[in-house]
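First the structure, in the form of structure tokens, and then the observations on it.
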2 protein chains.
Amino acid sequence: MNHQSLVGQFAHIVGPDGIISDKTEHDAYVRDWLGKWTGLTPVVVRPRSTTEVSAVLRLCHQTHTPVVTQGGNTGMSGAATPDTSNSQVVLSLTRMKRIRDVDPINNTMTVDAGVTLAQVQQVATDADRLFPLSLGAQGSCTIGGNVATNAGGSGVLRYGNTRDLVLGLEVVLPDGRVWNGLRALRKDNTGYDLKHLFIGSEGTLGVVTAAVLKMYPAVRNRQTAWIGFERLADVVDALRGLQDICGDSLTAFEMMTQASLDLVLGHFNSARSPLQSPVAFHVLAEVSHTSATAATTPFEDALQALIERGLAVDVALASSTAQAVEMWGLREGISPAQVAAGHAIKHDIALPISSIPQFVQEADSICADVRPEFTVINFGHIGDGNLHYNVLAPASLGEKSYKQAVEQLNRLIHDLVAQYGGSISAEHGVGQLRRDELKRYKSSVEMDLMMTIKRSLDPNHLMNPGKLL
Amino acid sequence: MNHQSLVGQFAHIVGPDGIISDKTEHDAYVRDWLGKWTGLTPVVVRPRSTTEVSAVLRLCHQTHTPVVTQGGNTGMSGAATPDTSNSQVVLSLTRMKRIRDVDPINNTMTVDAGVTLAQVQQVATDADRLFPLSLGAQGSCTIGGNVATNAGGSGVLRYGNTRDLVLGLEVVLPDGRVWNGLRALRKDNTGYDLKHLFIGSEGTLGVVTAAVLKMYPAVRNRQTAWIGFERLADVVDALRGLQDICGDSLTAFEMMTQASLDLVLGHFNSARSPLQSPVAFHVLAEVSHTSATAATTPFEDALQALIERGLAVDVALASSTAQAVEMWGLREGISPAQVAAGHAIKHDIALPISSIPQFVQEADSICADVRPEFTVINFGHIGDGNLHYNVLAPASLGEKSYKQAVEQLNRLIHDLVAQYGGSISAEHGVGQLRRDELKRYKSSVEMDLMMTIKRSLDPNHLMNPGKLL
């Protein structure tokens, strides 16, 4: 079927205002927000309902038309960008915005895929509950995209990844059939747990159109501290020391090196280090309580113990919400400061937490060895074993040399990650970015299992071709 | 291939002491512990290692021999019992008992499938950590069986089901290949999360031979209370009221009706109700703290608030560990008291928690209507929405009338469960017990998706045939 006739049929399904066929208006849909990947599409289709998504996929199935599903288009790995063949339809779900149900007694909500993460958080807040997923793009990313990529962020230490926050899904299958798995249950052992197949599958098995999400008791009381360390082994010991006393109330444990903090201090005039002297490793730790009157002593005692045990060299406890916000500002300032500083070679890796000190020592030594003129910007959700181990190129480096450095360092760092039983994509997914690397680091048995699943659910290979597998 | 030659080849793989071919010694392997199902097998094969499991499955694959995998044989649904065709080999994993790794800094352990749950708990305790899965059969059930059935139990409110406690798996596939997915990572977004396919699949897709399990900070301080209610709606409100103040520290919220408690009081001479007068609904609530010196006031305040709000009619706080143990004894006494009281028609159901009051009202009324001479014994993990809604037959009822009553009540109760969006098997799985019912309550799309997965991973249909699907 030619493009024009296909476009007409899509318009028939979603209405004329639901399609964008004029290529001059495609920019926001065919280019990822980092500007790394740009594709072409004959048409952007914007359904409003599951019924419309179902009809669109049925038509794609009948006409062998490939589909790239897109939410807020804030991904880090190019998974939501079409290729340049001009054959892949972009299915944008941002008009699917219904809050279908809120049940504060069951602690659940059911929402359309196109609802933004910030809106989901707000729905929970309005019900005096917490939806704990939290990440930089929350104002524009959609919950459907969060589900499809199993988004992580800064709430994982206590609440887990998106996968752990989903009780049920509605999915339109590649042939247009709708699987209604919108169960709002904490326990259900009636067969294969199909939702986990679709969570994190990056649009390659079907289209998530709605989700049942868990809510948690609202947090009414937070304490935030900034802790200085000289050795990474002490950081890791301190994590367990704090959890030993504070248990689940420890909701954040974020690490950054002095070089990462210096980048932020240099970029933002108003930024100040919470500690008086530079230290090798900085940690932002936070405890959260549901009770407004929870005792503050366990956290203070636990911090004091870190000093007494000789693990921490300095501690600053935020004495006001404003101070806590400033501390989080330093953590969140790393990404913009890094962008302003030039090209960064990125690694979104996860490791067994016990291996991190030795891994970092070896990785630092590799970088110093092969690229002494580069700066390691190592920070991340160390409480989850997740490091954003980035390497900043000198400003003078040309585009071609930079690309060579990316290949060289990606290979060396990821080989080291594999050696330590880690993951080369902790939270950003595979998409186009890591697709070729996957074969190097997964066993042939695992690649074969994934291909078996893919072939059985999407035999015509129409769902997001060129991504992940 | 004939049985004798097959047995010889198995003996060659696992050694002569690794097979049991004498049928007089098969009883413990071919009959489930409830005595509901008895089958026949040509041979019980007891491998010691993953390599042996792999060789056994390769041979089964080549000879088209069906395999029933078995752990501690403590399941509730007959999933580990062979059928009566005398063609299904029983693969017992209880000799696979290695603790492969314990990593208290990463809060993980890696263990063979045949390690018992109690041993897993002990390994965590020895490392000053907690493995929170807890259930009646923990002395004899194996962690492999827990994984294969996604076991629930009494720690789910805070820590989730077995699924939530597993970071990685090693699985032998139906053709004998080994998938090494033993990753000890909190974040890993590199493709489909294959472990979730095998967790809860009841041995129908492959054989779980090892798992990486999460550990948690040790609990050093518990408070246990017994709370009386007159209305189920108040019980559900009280759950949220307690969580609102105690948050994650609320680790148990177990409900039983007065009839359930009466059964226990009648069966055990030493048992006494913690409350002075009978009430309609009893709740055992517990908070757990990692800090030995955690404040006890939030829980006490929260209980006081339940009285003040008119939700609870009476509260007894355990003033010693002995009193707490007594309270748990009442909860755990229901099952044995029920067995002693005669035939119980069992329903292991889950519902959205907000629907429970209305569901129970309707279910009670159905039972009173169709079987006025029966007694409803309703209890369970209400904090997870999981009720063991059992119906006790009069002692005088004959076997045939009992079987008719089972069919009648299963149908009526499960139809009602479906109406409320619930599950007909919350934690006990499908096995043989609920296999035929599954088709009634699952959509054809979902049944088809499950069959698609089954066919793609086990095309010869050799893994636990006759179970689940």
Side-chain angles (χ1 to χ4, degrees), chain A residues 103 105-106 149-150 152 156 161 177-180 183-194 196-197 200-201 217 236 240 243-245 247-248 289-291 294-295 298 350 352-354 384-386 421-430 438 443 445-446 449-450 452-453 456-457 468, chain B residues 103 105-106 149-150 152 156 161 177 179-181 183-194 196-197 200-201 217 236 240 243-245 247-248 289-291 294-295 298 350 352-354 384-386 421-430 438 443 445-446 449-450 452-453 456-457 468:
Chain A
D103 183 343
I105 291 293
N106 197 43
T149 60
N150 185 31
V156 175
N161 297 285
R177 287 180 304 163
V178 179
W179 171 53
N180 181 346
R183 289 188 275 266
L185 306 172
R186 258 77 183 176
K187 282 181 171 174
D188 180 24
N189 277 346
T190 54
Y192 308 150
D193 198 337
L194 299 167
H196 285 295
L197 265 182
S201 67
V236 164
R240 295 311 167 210
Q243 282 187 323
D244 225 29
I245 295 178
D248 291 326
H289 301 283
T290 48
S291 163
I353 296 168
S354 45
D384 315 321
N386 179 194
S423 166
I424 65 160
S425 185
E427 57 178 12
H428 293 169
V430 176
L438 213 57
S443 67
V445 174
E446 184 156 340
L449 273 173
M450 293 208 285
T452 300
I453 300 295
S456 72
L457 293 186
L468 211 172
Chain B
D103 183 344
I105 291 293
N106 196 44
T149 59
N150 185 30
V156 176
N161 298 285
R177 286 180 303 161
W179 172 53
N180 180 345
R183 289 187 274 267
L185 305 172
R186 259 75 185 177
K187 283 181 170 172
D188 180 23
N189 277 345
T190 53
Y192 308 152
D193 198 338
L194 299 167
H196 286 296
L197 265 181
S201 67
V236 164
R240 295 312 167 207
Q243 282 187 323
D244 226 28
I245 294 178
D248 291 323
H289 300 283
T290 48
S291 164
I353 296 168
S354 46
D384 316 322
N386 178 193
S423 167
I424 65 160
S425 185
E427 56 179 14
H428 292 170
V430 176
L438 213 58
S443 69
V445 174
E446 185 157 337
L449 272 173
M450 292 206 288
T452 300
I453 300 295
S456 72
L457 293 186
L468 210 172

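By convention in this document, chain letters (A, B, ...) are assigned in the order of the sequence lines, proteins followed by strands, and residues within each chain are numbered from 1.
Between Leu457(A) and Leu449(B) there is a side-chain heavy-atom pair separated by less than 4.5 Å. With a 4.5 Å cut-off on side-chain heavy atoms, Leu468(B) and Tyr192(A) count as touching. Annotation: side chain of Asn189(B) is not in contact with side chain of Thr149(A) (no heavy-atom distance under 4.5 Å). His196(B) is not listed as a side-chain neighbour of Leu197(A), based on a closest heavy-atom distance of 4.5 Å or more. With a 4.5 Å cut-off on side-chain heavy atoms, Leu194(B) and Glu446(A) count as touching.
Taking CD1 of Ile453(B) as the reference point, atom CD1 of Ile453(A) lies at 4.5 Å (rounded to 0.5 Å).
Minimum interatomic distance between Gly247(B) and Pro217(A) (heavy atoms only, all atoms of both residues): CA-CG, 4.4 Å. Scanning all heavy atoms of the two residues, the minimum distance from Lys187(A) to Ala350(B) falls at O-CB, 3.1 Å. Of all non-hydrogen atoms in Asn106(B) and Ser354(A), the two that sit nearest each other are CB-OG, 3.7 Å.
In terms of heavy-atom pairs under 4.5 angstrom with chain A, the leader among Ala184(B), Gly181(B), Gly421(B), Gly191(B) is Gly191(B). No other option in Met450(B), Arg177(B), Arg183(B) has as many heavy-atom pairs under 4.5 Å with chain A as Met450(B). The candidate with the highest count of non-hydrogen atom pairs below 4.5 Å against chain A, out of Glu427(B), Gln243(B), Arg186(B), is Glu427(B). Of the residues considered (Asp103(A), Val178(A), Asn150(A), Thr452(A)), Asn150(A) shows the highest number of contacts with chain B, using heavy-atom pairs under 4.5 Å. Taking chain A as the reference chain and counting heavy-atom pairs below 4.5 Å, the highest number among Val236(B), Thr190(B), Asn386(B), Asn180(B) is found for Thr190(B). The candidate from Ser291(B), Ser456(B), Ser425(B) with the greatest count of non-hydrogen atom pairs under 4.5 Å with chain A is Ser425(B). Of the listed residues (Leu438(A), Asp193(A), Thr290(A)), the greatest number of heavy-atom pairs within a distance under 4.5 Å of chain B belongs to Thr290(A).
Both the backbone and the side chain of Ile424(B) come within less than 4.5 Å of a heavy atom of chain A. Contacts of Pro298(B) with chain A are absent, with no heavy-atom separation under 4.5 Å from either backbone or side chain. Proximity to chain A involves both the backbone and the side chain of Asp384(B), based on heavy atoms less than 4.5 angstrom apart. Only the side chain of Val156(B) comes within contact range of chain A, with heavy atoms under 4.5 Å apart. Contacts of Asn161(A) with chain B are made by side-chain atoms alone, with heavy-atom separations under 4.5 Å and no backbone atom involved.
The ring pair (Phe, Tyr, Trp, His ring centres under 6.0 Å) test applied to His428(B) returns His388(B), not counting sequence neighbours.
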- Task: Apply the test side chain to side chain contact (heavy atoms under 4.5 Å, CB included) to residues Arg240(A) and Ile105(B): give CA-CA distance (whole Å), side-chain angles for both, the deciding distance (0.1 Å), then the verdict.
- Result: CA-CA 7 Å; Arg240(A) 295 311 167 210; Ile105(B) 291 293; 4.3 Å; yes
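Judged by distance alone, the side chain of Ser423(A) and the main-chain N or O of Asp188(B) form no donor-acceptor pair under 3.5 Å.
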